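One structure is given below, encoded as structure tokens.
Bear in mind the structure is a predicted one, so any value in this text is a computation, not a measurement.
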Amino acid sequence: RRAALALAAAWGAAAAAECGPDKLGTSRVAEVGTEGGLLIGLKTYPHAIPLADHEVILTFDDGPDERTKPQVLTALADQCVRATFFAIGRKLDEQPALARREVEEGHNVAHHTYTHPQPTLTFMSETAARADILRGMIAVERDAYSQDFAAGEPTDLGKLKLHAPF
């Protein structure tokens, strides 16, 4: 499996041709392999995605928020920038149209958990934490990517077809 992370250029030189030189643009999309688990992000994992000078990966966490997400999406579209949104499953279930809009506009919607337990998953049993993570992944796949679970939701991560690795 592979997923994409959009890399937004920090300066207009990398703007997409159809957007014009006055836009920030997205210079490239980084493919992130997910077979065998995710291995990037120095806080938790041993590797980072190599970036060029003035290159950033733009991510948003813990959404969607119906009060601010529409303005964020409009601002990103105005600058021809793509981003990755790490979504809380419960919020997606409440606002699936926002998740679909993110995907339709070329963004990546990635998995978080379903409830975003505080302070962390470590205070839950392993069984409860795995269930919360799986439920969050199912919400993203259903709400953002329109995956059909009419035959029943998977009870194991290995049986879930993922569009995004997180």
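- The distance from the OG1 atom of T59 to the CZ atom of F86 is 5.5 Å, given to the nearest 0.5 Å.
- For the atom pair L92 CG and D143 CG, the distance stands at 5.5 Å (nearest 0.5 Å).
- Annotation for V81 and G25: closest pair CG2-O, 3.6 Å, computed over non-hydrogen atoms.
- Taken to the nearest 0.5 Å, the CZ atom of R130 stands 9.0 Å off from the CG atom of D156.
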- Task: Let me see the working for D65 and V72 under side chain to side chain contact (heavy atoms under 4.5 Å, CB included), right down to the final yes or no.
- Result: CA-CA 10 Å; D65 184 326; V72 168; over 6 Å; no
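- The shortest heavy-atom contact between V140 and A110 is CG2-O, 3.8 Å.
- Here the side chains of V103 and H107 are not in contact, with every heavy-atom distance at 4.5 Å or above.
- The number of heavy atoms from other shown groups lying within 6.0 Å of CD (Q118) is above 12.
- Between E102 and K69, at least one side-chain N (NZ, or NE/NH1/NH2) sits under 4.0 Å from a carboxylate O, which counts as a salt bridge.
- Inter-residue side-chain proximity for K23 and D78 is flagged as met; some heavy-atom pair is nearer than 4.5 Å.
- Across all their heavy atoms, D132 and L121 have their closest contact at OD2-CD2, 4.2 Å.
- Each salt bridge (Lys or Arg N to Asp or Glu O under 4.0 Å) pair with one or both residues in residues 109-119, not counting sequence neighbours, would appear here, but there are none.
- Note: D93 CG to I88 CD1 = 12.0 Å, rounded to the nearest 0.5 Å.
- A donor-acceptor pair under 3.5 Å is absent between the side-chain atoms of Q147 and the main chain of I138, judged by distance alone.
- Looking at E105 and R82, no side-chain N of the basic residue comes within less than 4.0 Å of a carboxylate O on the acidic one, giving no salt bridge.
- Under the ring pair (Phe, Tyr, Trp, His ring centres under 6.0 Å) criterion, Y114 pairs with no residue, sequence neighbours left out.
- Applying the side-chain hydrogen bond (donor to acceptor under 3.5 Å, both in side chains) criterion to Q71, with sequence neighbours excluded, gives no partner residue.
- Residues H112 and D62 have side chains in contact (heavy-atom distance under 4.5 Å, counting atoms from C-beta outward).
- Atoms CD1 and CG, from I57 and N108 in turn, are 11.0 Å apart once rounded to the nearest 0.5 Å.
- Going from atom OG1 of T26 over to atom CD of E55 covers 10.0 Å, rounded to the nearest 0.5 Å.
- The shortest side-chain heavy-atom distance between R101 and P64 does not fall under the 4.5 Å cut-off.
- The pair E153-R142 counts as a salt bridge, with a side-chain nitrogen and a carboxylate oxygen less than 4.0 angstrom apart.
- Aromatic ring pairs are classed by plane angle as parallel below 30°, tilted from 30° to 60° and perpendicular above 60°; the pair F60 and F85 is parallel.
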